[in-house]
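Taking it in order: structure first as structure tokens, then the write-up.
All figures in this text were calculated on a predicted structure; none of them were measured in a lab. Every chain is numbered from 1, with letters handed out A, B, ... down the list of sequences.
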Protein chains: 2
Amino acid sequence: MAEEPSERATLWAVARRAGVHAATASRALNEATRPLVAPDTIARVLRAARDLNYHPNHAARSLRTQRSMTIGVVIPDITNSLFPPIVRGIEDFLAPAGYVALVANTGRDVDRERVVMREMLARSVEGIVLATARRDYPLLEEPPLRGLPVVLVNRVTDDALFSSVSTDDRLGARLAVAHLLDLGHRRIAHIAGPDSLSTGFGRKSGYLEGMRSAGVSAPASLLVAADSYAEEEGYRCASELLGRRSPFTAILAANDMLALGALRALDEHGFRCPEDYSLVGFNDMPLVDRITPPLTTIRLPQYEAGSEAARLLLDRIRQRDGPVSAVLLAPKLVVRRSTCPPTPV
Amino acid sequence: MAEEPSERATLWAVARRAGVHAATASRALNEATRPLVAPDTIARVLRAARDLNYHPNHAARSLRTQRSMTIGVVIPDITNSLFPPIVRGIEDFLAPAGYVALVANTGRDVDRERVVMREMLARSVEGIVLATARRDYPLLEEPPLRGLPVVLVNRVTDDALFSSVSTDDRLGARLAVAHLLDLGHRRIAHIAGPDSLSTGFGRKSGYLEGMRSAGVSAPASLLVAADSYAEEEGYRCASELLGRRSPFTAILAANDMLALGALRALDEHGFRCPEDYSLVGFNDMPLVDRITPPLTTIRLPQYEAGSEAARLLLDRIRQRDGPVSAVLLAPKLVVRRSTCPPTPV
DNA sequence: TTGTATGCGTTATCAG
DNA sequence: CTGATAACGCATACAA
């Protein structure tokens with residue numbers, strides 16, 4: 001036995017070696033149809049398959065069954081540390097089900113998203129996990145996606161037309177605000193993320209709610225909006241806040257990159273964190289526990305978000321008319337050293 | 001026109017609409033065979049294809065042409081910040097060529113690598129980029145991979161049987177050693193990476209060469225080997241060095257995670273960096289410029305490594321008997337504040 | 001329980 | 001230049 005199989009063995013090769021027809025071999029090899037085959041035939045086929053190191057040709061199966069066993073994952077940028085855990089969560093959940101993920105990075109370019117989705121459709125993905133949604137996202141209603149299972153992750157749209165998995169951004173911001181209020185802060189500034197993203201909008205809402213429900217005022221002078229989640233923007237926004245001369249003692253940034261930029265701005269203006277200004281971020285990026293000062297932030301269950309999104313997508317693939325569900329994951333406050341009680345004036 | 005195509009249009013549908021045979025439509029649609037078709041036929045076919053929003057069925061094409069237009073990428077862990085830029089480099093290079101990447105995380109589990117590669121072979125990947133190689137890596141010689149184009153990235157094997165793209169680890173370590181020597185250090189310790197990995201071995205060799213060629217001794221008491229590139233290991237190794245009571249004034253860690261662990265150890269032992277001990281890392285991970293002190297490290301061109309690996313792989317796919325080449329990329333010393341001249345005793 | 005026949009959507013070969 | 005035909009490898013309805 002074990003003559004070196006120079007070419008990949010086909011189903012026919014297996015069948016011949018087992019002394020049966022290809023159809024029988026096929027039935028014996030597939031879990032679902034195996035009960036239709038006689039026990040010793042099954043044994044012979046399985047043995048032959050193993051001997052020949054048979055692996056079904058994916059393209060042929062896919063063509064025949066109309067199932068690609070592939071899903072698409074569209075993310076802004078894998079080098080943004082927010083996404084690797086999400087992707088990992090997706091892939092780890094998919095793998096045992098026999099699915100693989102086609103991952104594409106689109107940056108912030110909507111045209112690129114369109115191109116990428118076409119490419120995925122061309123490869124017959126059975127569904128898509130999207131991490132690039134904006135609150136208003138007409139792309140999802142364009143014909144190419146018609147009927148294709150889609151699950152939004154991290155960012156969601158305003159209208160809940162699709163299933164989604166996201167963190168409770170409002171709650172996260174409220175946790176942060178509550179923490180700062182507990183420490184005694186009253187003048188709390190917010191560097192908001194883009195309004196066009198559910199994360200930016202939700203966190204800002206949570207900030208406003210948190211302030212309001214505590215009876216603390218949140219005037220427009222304490223609010224500044226970043227154009228993107230970039231360190232540079234955090235720097236710009238913090239500088240602007242400092243320039244406004246509307247006093248405050250703490251900053252809640254809509255994510256860690258913005259917080260990092262804010263920290264740099266504070267530093268360059270000669271202020272210390274947390275003595276002069278407390279600072280809270282969002283995301284708990286790797287290494288923000290090692291900067292100076294270690295950053296107090298809101299941790300999101302990213303890996304779980306990914307696996308949960310994959311679960312919803314597979315559910316939907318298996319049962320097309322299943323319910324549209326919006327899963328909301330709980331964020332967690334991680335207190336480190338960038339926050340402390342405000343210095344009495 | 002533009003009746004909503006409820007099902008995906010097939011080549012036959014396009015052909016019918018253009019009033020030609022499917023074979024002709026196929027020729028008209030494919031760049032390579034297009035010259036065989038009459039100009040106005042081409043126009044009619046193209047038009048019909050656009051009207052029907054035709055996209056070739058990937059599985060069918062793949063089955064027929066025996067080309068999947070897919071390559072596999074095997075990495076230890078996408079959540080390790082070293083890999084996202086590499087993956088990005090690969091994908092960005094592949095995309096214009098019409099290829100997509102199937103990315104799989106294997107951890108440090110060789111069995112998992114085997115499983116993953118089988119899965120990839122089952123999907124008929126045309127080649128594989130491997131970032132999980134060890135210096136001795138028999139897996140590559142096992143039959144399943146026979147003849148499949150493979151390019152190693154980041155880590156390489158001792159025998160140059162496959163094309164590879166890596167950073168010049170020896171040079172990187174020598175740059176780091178030279179920097180420390182320039183500052184006046186003579187007793188330089190090294191926290192080495194695993195000997196089984198080309199990165200660990202190469203960096204250690206570079207360290208030894210750098211010391212030796214400067215006429216400085218590098219006794220075994222200044223060398224300690226980490227079992228893995230984990231922060232915890234850096235902590236353990238640094239603690240061990242400190243416990244040895246063989247004096248030194250600087251540490252070269254084989255990567256940034258080890259350096260981070262070493263930094264924690266120094267801190268916990270009441271030492272300051274760089275005043276008491278200078279510290280150099282390797283990789284220039286995100287945010288190591290924001291920790292205290294900002295880490296002096298060796299920067300690797302990760303994105304370029306990825307795109308270069310993709311280039312080599314595509315070359316090899318297009319020309320199976322092309323040369324095996326080992327591309328060595330130049331690392332760069334990034335001086336920050338974790339290094340300074342040694343304090344005179 | 002097994003074999004036969006057919007088709008999934010393309011492309012390549014061979015006539016015409 | 002174009003049409004007919006076959007085949008890629010597999011799974012399934014149907015027949016035996």
Side-chain angles (χ1 to χ4, degrees), chain A residues 5-46 48-49 52-70 98 121-126, chain B residues 5-46 48-49 52-70 98 121-126:
Chain A
S6 54
E7 297 301 324
R8 251 175 76 180
T10 85
L11 184 59
W12 265 108
V14 173
R16 201 174 313 119
R17 180 175 244 262
V20 297
H21 190 101
T24 305
S26 173
R27 285 187 282 254
L29 256 11
N30 284 55
E31 289 287 355
T33 47
R34 188 166 304 163
L36 302 175
V37 182
D40 70 324
T41 309
I42 295 177
R44 287 209 318 283
V45 171
L46 258 33
L52 297 175
N53 189 26
Y54 169 75
H55 289 275
N57 179 308
H58 188 261
R61 169 174 292 175
S62 185
L63 180 60
R64 173 65 226 227
T65 60
Q66 309 286 11
R67 311 196 48 199
S68 64
M69 300 304 279
T70 304
L121 290 174
R123 293 191 178 239
S124 306
V125 295
E126 295 180 36
Chain B
S6 54
E7 297 300 325
R8 251 174 76 177
T10 84
L11 182 59
W12 267 107
V14 173
R16 202 174 311 119
R17 181 174 241 264
V20 296
H21 188 101
T24 305
S26 172
R27 283 187 285 252
L29 257 10
N30 282 55
E31 288 286 353
T33 47
R34 189 168 302 163
L36 301 174
V37 182
D40 70 323
T41 308
I42 294 177
R44 288 210 314 285
V45 171
L46 258 33
L52 297 175
N53 188 26
Y54 170 75
H55 288 275
N57 178 308
H58 189 260
R61 169 174 290 175
S62 188
L63 179 59
R64 176 64 228 217
T65 61
Q66 308 286 11
R67 310 198 48 199
S68 63
M69 300 304 279
T70 303
L121 290 174
R123 291 190 180 239
S124 307
V125 295
E126 296 181 35

### Query
Checking all strands, does B:Thr65 fall into the base, sugar-phosphate, or nothing category for heavy-atom contacts under 4.0 angstrom?
sugar-phosphate
### Query
At their closest point, which heavy atom of A:Ala28 faces which heavy atom of A:Val37, and how far apart are they?
N-CG2, 3.8 Å
### Query
For B:Asn57 and C:dC8, is the shortest distance between a side-chain N/O and OP1 or OP2 below 4.0 Å?
no
#### Entry: d(CZ, B:Arg64; P, C:dC8) in whole Å
16 Å
### Query
So which nucleotide from C:dG9, D:dT2, C:dT2 ends up closest to the side chain of B:Val37?
D:dT2
### Query
A:His21 has an atom NE2; how far is it from atom P of D:dA11, in whole Å?
13 Å
### Shortest non-hydrogen separation from A:Ser68 to A:Glu126 and the atoms involved
N-OE2, 3.0 Å
### Summary
A:Arg61 has its side chain closest, among D:dA7, D:dT12, D:dC10, to D:dC10
### Summary
In whole angstroms, the gap separating C1' of D:dA15 from CZ of A:Arg27 amounts to 11 Å
### Query
Where is the tightest heavy-atom contact between B:Ala48 and B:Val14, given as atom of each residue plus distance?
CB-O, 3.7 Å
### Task
Specify the separation, in whole Å, of atom CZ of B:Arg67 and atom P of C:dT11.
12 Å
### Message
I want to verify a distance call: between D:dT2, D:dA6, D:dC10, whose nearest atom is closest to the A:Pro56 side chain?
### Response
D:dC10
### Candidate nucleotides C:dA5, D:dC10, C:dT11, ranked by approach to the side chain of A:Ala23 - the nearest
C:dA5
### Query
Just checking A:Thr41: base, sugar-phosphate only, or nothing, at a heavy-atom cut-off of under 4.0 Å?
sugar-phosphate
### Summary
Rounded to whole Å, the CG-P distance (B:Leu36 to D:dC1) equals 8 Å
### Message
Could you measure the distance from the OG1 atom of B:Thr70 to the NE2 atom of B:His58? Nearest 0.5 Å is fine.
### Response
5.0 Å
### Message
I'd like to check B:Leu121 versus A:His55 (side-chain heavy atoms, cut-off strictly below 4.5 Å). Are they in contact?
### Response
no
### Query
To the nearest Å, how far apart are A:Arg34 CZ and D:dA11 P?
12 Å
### Query
When you measure from the side chain of B:Thr24, which nucleotide among D:dC8, D:dG3, D:dA11 comes out closest?
D:dG3
### Query
So which one's nearest nucleotide on DNA chain C is more toward 5', A:Pro39 or A:Ala22?
A:Pro39
### Query
Using a cut-off of 4.0 Å on non-hydrogen atoms, how would the nucleic acid contact of A:Thr33 be classed: base, sugar-phosphate, or nothing?
nothing
### Task
Give A:Leu11 one of three labels, base, sugar-phosphate or nothing, depending on what nucleic acid heavy atoms sit under 4.0 Å from its own.
sugar-phosphate
### Task
Could you pull out the closest heavy-atom pair between A:Ser26 and A:Thr33, with the gap in Å?
O-OG1, 4.1 Å
### First of B:Trp12 and A:Ala59 reached from the 5' end of DNA chain D, by closest nucleotide
B:Trp12
### Query
Heavy atoms under 4.0 Å, any strand shown: does A:Ser26 hit a base, just sugar-phosphate, or nothing?
base
### Query
In whole angstrom, what separates B:Gln66's CD from D:dA7's C1'?
10 Å
### Message
I need the NE2-C1' distance between B:His58 and C:dC8, as an integer number of Å.
### Response
16 Å
